[in-house]
J.: 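Got a structure here, written out as structure tokens. Questions coming.
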Amino acid sequence: MKVNNINTKPKVDISKVLDNRIVNTKFTENHTAESLNINNEYCAADILKIRLIKKTTAEGNICVLDAEKFYHHIIKLLFAIAADVKTPKKYHKGPYESFVHEFIKQCSFGQTEKGSYIVNTIIPLKVEDKYDENKNENEDNLFTEETYDNLFGRQVIIRIMNSTNQLKEAIDENRSSELLNLSRKDMISSNVCEAIAGLNLDGVDTELEISAEFSDLAPIYEDVCDHVSFTNDYYEPLRKIGEELKDDSKEKILEFTGYVTGVKSDANIAKRKNGIVSISYKDENNKMKTIKVTLNIEDYDIALIAHRNGYRIQFKGIKKEDNSIEYSEFKIIDARYDSEMTLFK
């Protein structure tokens with residue numbers, strides 16, 4: 001399910017948003033409108049809804065031990081996604097940075113809803129960073145339309161929905177290996193997989209639904225998945241993907257022979273300082289792999305020759321935690337190339 005893509009930014013009627021929030025809160029939390037202390041900051045939040053369904057438990061209830069585990073892994077999911085937004089990695093090890101902790105402190109759990117066990121996590125759109133030296137103490141709590149895309153809380157909830165949807169689709173379509181080579185913008189950490197699997201998915205006859213309710217104060221202007229569901233069948237695949245991401249996050253020495261299958265650089269040769277090449281090779285399991293690496297201008301010229309003539313190349317380098325590659329050697333090792341070079345001597 002997708003949120004409609006809105007191309008124009010309508011003016012926000014704050015009074016109407018406040019009235020809607022009062023009505024919604026009155027209904028879900030059984031409060032009277034008069035008793036609600038509603039302010040702008042309350043409206044300036046998205047809500048992450050996580051619903052746990054266990055056929056062995058009465059509807060709307062949750063076992064004490066399940067609840068402990070459920071809330072613990074919701075917090076782990078928030079930490080992991082916030083870290084993915086701030087500093088994308090395949091695996092976050094060690095303590096999270098201070099800003100992520102500040103974000104978590106400003107989130108809160110709302111009233112659960114009737115009918116099934118649903119945890120409403122209120123995620124503030126605007127995260128106050130006490131470590132920000134440029135913070136303006138007199139700054140208005142409301143934000144402008146220009147800041148929608150930069151709101152950290154909004155980035156977190158979008159990342160949660162898109163990452164969970166991407167994980168489910170990859171499992172359904174048997175292409176989980178692609179998750180190891182995502183760009184930094186879309187990278188999903190092992191920590192996220194572990195957190196989702198930990199939301200009681202290891203229990204038999206368990207279903208999990210994750211959905212998002214976006215604040216009217218900051219409309220969505222891009223396609224975002226707003227509902228994802230998992231069953232117990234996804235537990236093992238999620239756990240396995242998490243382990244693969246953690247293992248792949250370690251620095252690895254790359255040394256192989258292969259072929260240049262793509263080249264890209266500035267069309268203006270005079271301005272060209274480097275170039276990006278795609279190299280295909282077979283790994284230790286005899287599976288075809290393709291990497292992209294940035295070469296200096298001298299090696300890029302060699303790559304152009306290899307690509308044009310189909311020459312075999314030798315590559316040595318290191319694959320870093322963030323998927324970037326630093327290379328130490330790139331050369332043509334094709335006998336045909338050696339013969340041609342001999343003719344020019």
Side-chain angles (χ1 to χ4, degrees), residues 1-3 24-31 45-82 84 104 107-123 156-176 179 188-214 224-246:
M1 185 181 297
K2 300 286 184 181
V3 173
N24 291 338
T25 308
K26 176 183 176 182
F27 176 76
T28 59
E29 300 186 11
N30 199 27
H31 287 177
D46 291 331
I47 300 176
L48 176 70
K49 296 174 177 285
I50 303 184
R51 180 186 185 196
L52 180 66
I53 306 168
K54 295 195 74 170
K55 294 180 180 178
T56 55
T57 306
E59 191 173 11
N61 294 345
I62 188 171
C63 296
V64 171
L65 294 181
D66 284 345
E68 179 186 27
K69 184 178 179 181
F70 196 53
Y71 279 94
H72 175 68
H73 281 85
I74 289 176
I75 295 171
K76 288 186 70 171
L77 178 61
L78 292 173
F79 265 111
I81 290 289
D84 280 4
I104 298 298
C107 296
S108 59
F109 289 128
Q111 177 72 30
T112 58
E113 298 179 18
K114 297 179 180 180
S116 58
Y117 202 83
I118 301 176
V119 174
N120 290 315
T121 305
I122 301 169
I123 300 177
V156 166
I157 196 167
I158 287 178
R159 189 75 163 236
I160 289 174
M161 299 312 302
N162 285 346
S163 293
T164 52
N165 185 57
Q166 200 167 8
L167 281 167
K168 183 178 181 182
E169 287 185 346
I171 294 171
D172 289 343
E173 298 169 13
N174 196 29
R175 50 181 181 81
S176 57
L179 300 174
I188 301 172
S189 66
S190 168
N191 311 68
V192 169
C193 299
E194 180 185 340
I196 297 172
L199 291 170
N200 299 75
L201 279 181
D202 56 333
V204 180
D205 293 330
T206 299
E207 294 181 31
L208 185 73
E209 293 181 358
I210 302 175
S211 59
E213 181 181 305
F214 298 102
V224 180
C225 176
D226 63 356
H227 183 275
V228 183
S229 60
F230 295 94
T231 63
N232 167 256
D233 297 330
Y234 288 86
Y235 174 74
E236 279 300 328
L238 283 169
R239 192 185 60 79
K240 183 179 178 181
I241 292 171
E243 290 178 352
E244 291 175 347
L245 284 167
K246 184 183 291 187

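Quick note: residue numbers are just sequence positions, from 1.
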J.: Ignoring hydrogens and angles, tell me if any N or O in the side chain of His72 forms a donor-acceptor pair with the backbone of Glu68 under 3.5 Å.
T.: no
J.: Indicate yes or no: at least one non-hydrogen side-chain atom of Ile123 is less than 4.5 angstrom from one of Ile47.
T.: no
J.: Taking all heavy atoms of Phe214 and all of Asp46, pick out the closest pair and write down the distance.
T.: CA-OD1, 3.3 Å
J.: Is it true that Asp84 and Ser189 share a donor-acceptor pair across their side chains at a distance under 3.5 Å?
T.: yes
J.: Taking C-beta and beyond as the side chain, do Phe70 and Ile50 meet within less than 4.5 Å on heavy atoms?
T.: yes
J.: Would you sort out whether Phe109 and Tyr71 count as a ring pair (Phe, Tyr, Trp, His ring centres under 6.0 Å), showing the intermediate values?
T.: CA-CA 9 Å; Phe109 289 128; Tyr71 279 94; 5.0 Å; yes
J.: Given Glu209, which of Arg51, Lys168, Lys49 fulfils the salt bridge (Lys or Arg N to Asp or Glu O under 4.0 Å) condition?
T.: Arg51
J.: Is there a donor-acceptor contact under 3.5 Å from the side chain of Asp205 to the main chain of Lys55?
T.: no
J.: For residues Ile188 and Leu245, report the shortest heavy-atom separation together with the two atoms involved.
T.: O-CD1, 3.5 Å
J.: Donor-acceptor check, side chain of Ser190 to backbone of Gly242, threshold 3.5 angstrom: yes or no?
T.: yes
J.: Measuring only between side-chain heavy atoms, which start at C-beta, is Ile196 closer than 4.5 Å to Thr164?
T.: yes
J.: Donor-acceptor pair, Ser163 side chain versus Ile160 backbone, under 3.5 Å?
T.: no
J.: Thr121 versus Leu78: any side-chain heavy-atom pair under 4.5 Å?
T.: yes
J.: Measuring only between side-chain heavy atoms, which start at C-beta, is Leu52 closer than 4.5 Å to Asn200?
T.: yes
J.: Using the test salt bridge (Lys or Arg N to Asp or Glu O under 4.0 Å), find all partners of Arg159 that sit at least two apart in sequence or belong to another chain.
T.: none
